[in-house]
2 protein chains.
Amino acid sequence: MKRINTTHFAILGLLRMQPMSAYELVKFSKESIGLFWNESYGHIHKSIKQLEQEGSVTVIEESETGRRKIVYGVTEQGCQQLDSWLMQAPEESTMRNELLMKIFVADERHIPQLLTYIEQELATCHQLRPLLTGIKASIPQDQGKQAQLWLLTLDYGERYLRMTIEWCEHALQLLNQPDRGEKNG
Amino acid sequence: MKRINTTHFAILGLLRMQPMSAYELVKFSKESIGLFWNESYGHIHKSIKQLEQEGSVTVIEESETGRRKIVYGVTEQGCQQLDSWLMQAPEESTMRNELLMKIFVADERHIPQLLTYIEQELATCHQLRPLLTGIKASIPQDQGKQAQLWLLTLDYGERYLRMTIEWCEHALQLLNQPDRGEKNG
DNA sequence: CCGTTAATGTATCTTTAAGATATATAATTG
DNA sequence: CAATTATATATCTTAAAGATACATTAACGG
């Protein structure tokens, strides 16, 4: 089974929504789909060059004056590639959650540290929530199918944050209580 | 900022819980922490060799007869490395959820396919749930702090599955309803 | 009982992905 | 107007994924 460069299709997908520069691509993906999709600039940059060479994206606009900026768009061929990727069942999602990994391999000695990590995580989630609300407000509530798809991914983000917040609160409560729980009859 | 090989510490952490072979490491990590931590055999293998060379893990048992098997354990030095890693705040978690990515870049034409993907995801979650219950039952409910930490990661897994199941059901309901929702005044 | 398949196990190779860093220009701000 | 921050491309190294090869043992069906 040949492995595929998933970043290629992420790029095609985002550029089809809106032509952008590499820098804007990274920024946009961080802000819109960052909760469930991570990309690095190095990989995006390399991938764009490859996509350009094979004719799947093309330079739409290149500013010669002032600050350099190269805006890319998707070609007909790129559109077809993207559509055929969308017709294939998605791979299983992958995740690397270092906080949970640390909790898993830690022991009693590390609990004070773990508590600060969990509090930090909780704070981060609370900060992210209003951002999602803002994005939600910017999507046209016109009941169109396209908007529904975007709202679905946003809804996932909201559920994900809510779930994480609840788990953090549960964890703080559990780890803060005295050892062996002082069961009272 | 020097980047670190997180896999190194994952290996040290798992081997400290229980000496294992590389094969068993991959299997164990898939079965116990697979929901929030992904590892590949290739990387584990390479990392173990490096850890062995720098003296952080050591061969505990090597079967000469029959099927080859090399069981590794953590050295004193490895323990110290692991502990100092645990004292550092965790990096932000990363995720690549291809299903959500596809939903994000898809349009109306792809909805029938998306529905099958979501149904598949739902089925997978329903299959995983009893597995978690089984693991939970195998953890001693002795109120000890160590068991609490394991239960916390399991609890995260359960919440994650529940959240995903609910989102899938919501998505199926939303995408199955007729276009524009036939608003009735 | 034997052939096929599935599971256990190590080793290696290539490609994908992450992310640090260098460099340069424009905008912002004290 | 100097210092900082945001925008922007390019490159390099390392981490991580995962495909594949190879060998042994267990399990299973005809």
Side-chain angles (χ1 to χ4, degrees), chain A residues 1-11 19-31 33-34 36-54 57 59-72 85 90-98 101, chain B residues 1-11 19-31 33-34 36-53 57 59-72 85 91-98 101:
Chain A
M1 190 90 67
K2 181 92 176 305
R3 232 187 329 165
I4 61 163
N5 186 329
T6 328
T7 299
H8 277 15
F9 298 102
I11 291 172
M20 282 180 273
S21 71
Y23 182 83
E24 289 168 325
L25 258 174
V26 174
K27 206 174 160 226
F28 179 75
S29 82
K30 256 202 197 82
E31 286 166 2
I33 55 179
F36 59 80
W37 192 265
N38 291 82
E39 285 290 356
S40 64
Y41 179 75
H43 196 41
I44 289 237
H45 184 265
K46 199 178 166 192
S47 296
I48 283 187
K49 294 290 169 189
Q50 285 171 10
L51 286 168
E52 193 190 359
Q53 266 204 323
E54 72 184 52
V57 308
V59 175
I60 282 190
E61 181 194 332
E62 184 164 3
S63 70
E64 290 300 336
T65 165
R67 183 189 293 158
R68 253 189 104 190
K69 181 172 173 179
I70 311 168
V71 176
Y72 296 92
W85 179 66
E91 294 293 311
E92 270 185 39
S93 76
T94 62
M95 188 169 177
R96 280 201 156 204
N97 188 321
E98 212 177 290
M101 186 71 210
Chain B
M1 189 90 70
K2 181 90 178 303
R3 229 184 335 163
I4 61 164
N5 185 328
T6 328
T7 300
H8 277 16
F9 299 101
I11 292 173
M20 282 180 273
S21 70
Y23 182 84
E24 287 168 326
L25 258 174
V26 175
K27 207 177 159 220
F28 179 73
S29 81
K30 259 205 195 81
E31 286 166 2
I33 55 178
F36 60 80
W37 193 264
N38 290 83
E39 285 290 356
S40 64
Y41 181 76
H43 196 41
I44 289 238
H45 184 265
K46 200 179 167 191
S47 296
I48 283 188
K49 294 290 169 189
Q50 284 171 11
L51 286 169
E52 193 189 358
Q53 264 202 324
V57 309
V59 175
I60 283 190
E61 182 194 330
E62 185 163 4
S63 70
E64 289 301 338
T65 164
R67 184 189 294 161
R68 254 188 103 190
K69 181 173 175 179
I70 310 170
V71 176
Y72 296 92
W85 180 67
E91 293 292 312
E92 270 185 38
S93 76
T94 61
M95 189 170 175
R96 279 203 156 203
N97 189 321
E98 212 175 291
M101 184 72 210

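Excluded from the calculations below are hydrogen atoms, water molecules and symmetry mates; all remaining heavy atoms, backbone and side chain alike, are included.
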Rounded to whole angstrom units, what separation is found between the [atom1] atom of [X] and the [atom2] atom of [N]?
X: A:R96; N: C:dT16; atom1: CZ; atom2: P; answer: 19 Å
X: B:I48; N: C:dA11; atom1: CD1; atom2: P; answer: 10 Å
X: A:E39; N: D:dA16; atom1: CD; atom2: P; answer: 17 Å
X: A:I4; N: C:dT16; atom1: CD1; atom2: C1'; answer: 11 Å
X: B:I44; N: C:dT12; atom1: CD1; atom2: C1'; answer: 16 Å
X: B:Q50; N: D:dT14; atom1: CD; atom2: P; answer: 11 Å
X: B:F28; N: C:dG9; atom1: CZ; atom2: P; answer: 15 Å
X: A:F9; N: C:dA17; atom1: CZ; atom2: P; answer: 10 Å

Atom pair [atom1]/[atom2] of [X] and [Y] - distance to nearest 0.5 Å:
X: A:K30; Y: A:N38; atom1: NZ; atom2: CG; value: 9.0 Å
X: A:S47; Y: A:H8; atom1: OG; atom2: NE2; value: 5.0 Å
X: A:I44; Y: A:I11; atom1: CD1; atom2: CD1; value: 4.5 Å
X: B:M101; Y: A:S29; atom1: CE; atom2: OG; value: 8.0 Å

side-chain contact (heavy atoms from CB on, under 4.5 Å), that's the test. Do A:I60 and A:Y72 meet it? Break it down for me.
CA-CA 5 Å; A:I60 282 190; A:Y72 296 92; over 6 Å; no

For B:T6, report the nucleic acid contact type (base, sugar-phosphate, nothing); a contact means any heavy atom under 4.0 Å.
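Counting heavy atoms under 4.0 Å across all strands, the contact made by B:T6 is with sugar-phosphate only.
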
Regarding B:T7, tell me which of base, sugar-phosphate or nothing describes its non-hydrogen contacts under 4.0 Å with the strands shown.
sugar-phosphate

Step-by-step side-chain contact (heavy atoms from CB on, under 4.5 Å) determination, B:I48 to B:L25:
CA-CA 10 Å; B:I48 283 188; B:L25 258 174; 3.7 Å; yes

Quick check on the helix from C:dC1-D:dG30 to C:dG30-D:dC1: what's the angle between its two end axes, five base pairs per end, to the nearest 10°?
40°

Generate the contact string for nucleotides 7-12 of chain D. Rules: B means base contact, S means sugar-phosphate contact only, - means no protein heavy atom under 4.0 Å.
BBBBB-

A:T94 and its side chain to side chain contact (heavy atoms under 4.5 Å, CB included) partner, picked from B:E39, B:R96, B:E98:
B:R96

List for me each residue that meets salt bridge (charged side-chain N to carboxylate O under 4.0 Å, His left out) alongside B:K69, sequence neighbours excluded, and say none if there are none.
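B:E24.
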
OP1 or OP2 of D:dT14 versus the side-chain N and O atoms of B:N5: is any pair under 4.0 Å?
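No.
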
Side-chain heavy-atom pair B:Q50, B:K46 within 4.5 angstrom cut-off
yes

